[in-house]
Trainee: 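Mind having a look at this structure? Questions to follow.
Every chain is numbered from 1, with letters handed out A, B, ... down the list of sequences. FYI, side chains are in, hydrogens and waters are out, and symmetry mates aren't considered; it's all heavy atoms of this structure.
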2 protein chains.
Amino acid sequence: MDESQALLAFGALAGEPRLRIVRRLVRAGPKGMAAGDIAAAMSVSPSNMSFHLKELERAGMVASRREARSIIYAADYRALRGLIEFLMKDCCAGRLEVLQPAAGERPSPAASRKRAEA
Amino acid sequence: MDESQALLAFGALAGEPRLRIVRRLVRAGPKGMAAGDIAAAMSVSPSNMSFHLKELERAGMVASRREARSIIYAADYRALRGLIEFLMKDCCAGRLEVLQPAAGERPSPAASRKRAEA
DNA sequence: TCCATAATTCAATAATCCTTGAATTATCGA
DNA sequence: TCGATAATTCAAGGATTATTGAATTATGGA
């Protein structure tokens with residue numbers, strides 16, 4: 001996966017409805033789910049669901065096929081793997097310790113600040 | 001990493017300038033880089049850089065500390081690992097084949113369509 | 001204290017993205 | 001062909017997010 005695809009993928013997953021859709025479709029497996037069933041399963045209007053599914057498809061995260069009157073959407077596992085790989089290889093490149101934490105690594109400044117605020 | 005943090009993280013990485021910043025900071029390592037040096041390194045105005053850094057910090061992807069007159073930003077490796085884990089565990093939960101492709105898996109419909117368009 | 005440097009904050013504008021509901025396209029069965 | 005179902009497309013509006021330049025805060029040294 002190259003950078004521009006990764007950017008699309010991050011954008012596609014950066015919203016509650018679409019992240020939920022992807023989760024649902026991963027669970028559904030390769031046989032997928034009809035657009036209307038996804039919409040009903042998460043109480044989103046058909047037209048809005050269509051918008052989000054198109055967005056996910058544009059980003060390559062899901063694929064669609066027509067089956068009689070329904071359009072079936074399925075998660076693209078390759079894209080998910082590709083995104084994970086992108087984060088590991090391309091993004092953390094040259095810094096293996098990102099993936100393999102040193103023993104006794106201390107909490108992040110950000111985390112400490114959050115605790116202090118609470 | 002929980003869902004709301006993952007959503008913030010995806011949003012933070014879903015843009016060219018910020019993805020570049022994270023890449024640069026991962027390369028820079030734990031000692032980090034001053035805000036101004038990051039801005040200069042990628043020809044972005046200081047005020048705009050500040051905006052993006054704040055966004056990344058809000059998402060927990062980077063941490064900042066003051067050092068004399070400079071403010072030093074560093075990538076939060078834990079957050080990057082957390083995001084990778086989120087994708088693997090939470091998002092692909094119950095579908096191991098997302099991570100371990102079956103032998104002879106065929107190209108995605110999306111990929112075929114792209115080829116056809118070209 | 002005064003000046004210069006480093007960065008942030010603020011206000012205004014521009015650009016994107018999301019949602020809604022109506023209109024349209026495609027398919028199937030009578 | 002006609003009616004019903006499944007989904008998409010379109011246009012309008014609302015809401016977020018990004019960019020810019022000016023004003024502000026914090027720090028260190030003369």
Trainee: So which heavy atom on B:L53 is nearest to which on B:V62, and how close?
Mentor: O-CG2, 4.0 Å
Trainee: Whole angstroms only, please: what is the CD1-P distance between A:I21 and C:dC18?
Mentor: 11 Å
Trainee: Can you tell me the distance, in whole Å, between the CE atom of B:M49 and the P atom of D:dT20?
Mentor: 12 Å
Trainee: Does the side-chain contact (heavy atoms from CB on, under 4.5 Å) test come out yes or no for B:R18 and B:F51, once each step is laid out?
Mentor: CA-CA 10 Å; B:R18 289 200 291 251; B:F51 169 79; 4.2 Å; yes
Trainee: How close or far is atom C1' of D:dA12 from atom CG of A:N48, stated in whole angstroms?
Mentor: 15 Å
Trainee: Please determine whether the number of non-hydrogen atoms from other residues, nucleotides or ligands lying under 6.0 Å from atom CD of B:E16 exceeds 12.
Mentor: no
Trainee: Could you check whether A:A34 gets within reach of a base, just the sugar-phosphate, or nothing at all, counting any heavy atom under 4.0 Å?
Mentor: sugar-phosphate
Trainee: Between B:F51 (CZ) and C:dT8 (C1'), how many Å, whole number?
Mentor: 13 Å
Trainee: If every non-hydrogen atom of B:A59 is compared with every non-hydrogen atom of B:A12, which pair is closest and at what distance?
Mentor: CB-CB, 3.6 Å
Trainee: Between B:Y73 and B:R65, is there a donor-acceptor pair closer than 3.5 Å when you use the side chain of the first and the backbone of the second?
Mentor: no
Trainee: Can you see if the side chain of A:H52 gets near the phosphate of C:dC17 - specifically, an N or O under 4.0 Å from OP1 or OP2?
Mentor: no
Trainee: Quickly work out the A:D37 CG to D:dA6 C1' distance and round it to whole Å.
Mentor: 10 Å
Trainee: Any donor-acceptor pair under 3.5 Å linking the side chain of A:R66 with the backbone of A:A68?
Mentor: yes
Trainee: Look at B:Y73 and C:dT8 and indicate whether a side-chain polar atom (N or O) is within less than 4.0 Å of OP1 or OP2.
Mentor: yes
Trainee: Which is more 5' along DNA chain D, the nucleotide nearest A:S70 or the one nearest A:S47? Just name the residue.
Mentor: A:S70
Trainee: Tell me: CZ of B:F10 to P of C:dC17, nearest whole Å?
Mentor: 18 Å
Trainee: Taking A:R58 for its side chain and A:G60 for its backbone only, find out whether a donor-acceptor pair lies under 3.5 Å.
Mentor: no
Trainee: Can you measure B:E55 atom CD to C:dT8 atom P for me and round it to whole angstrom units?
Mentor: 13 Å
Trainee: Without decimals, in angstroms, what is the distance between A:L7 CG and D:dT17 P?
Mentor: 17 Å
Trainee: Once each nucleotide of nucleotides 24-30 of chain C is scored for protein heavy atoms under 4.0 Å, what B/S/- sequence comes out, 5' to 3'?
Mentor: --SBB--
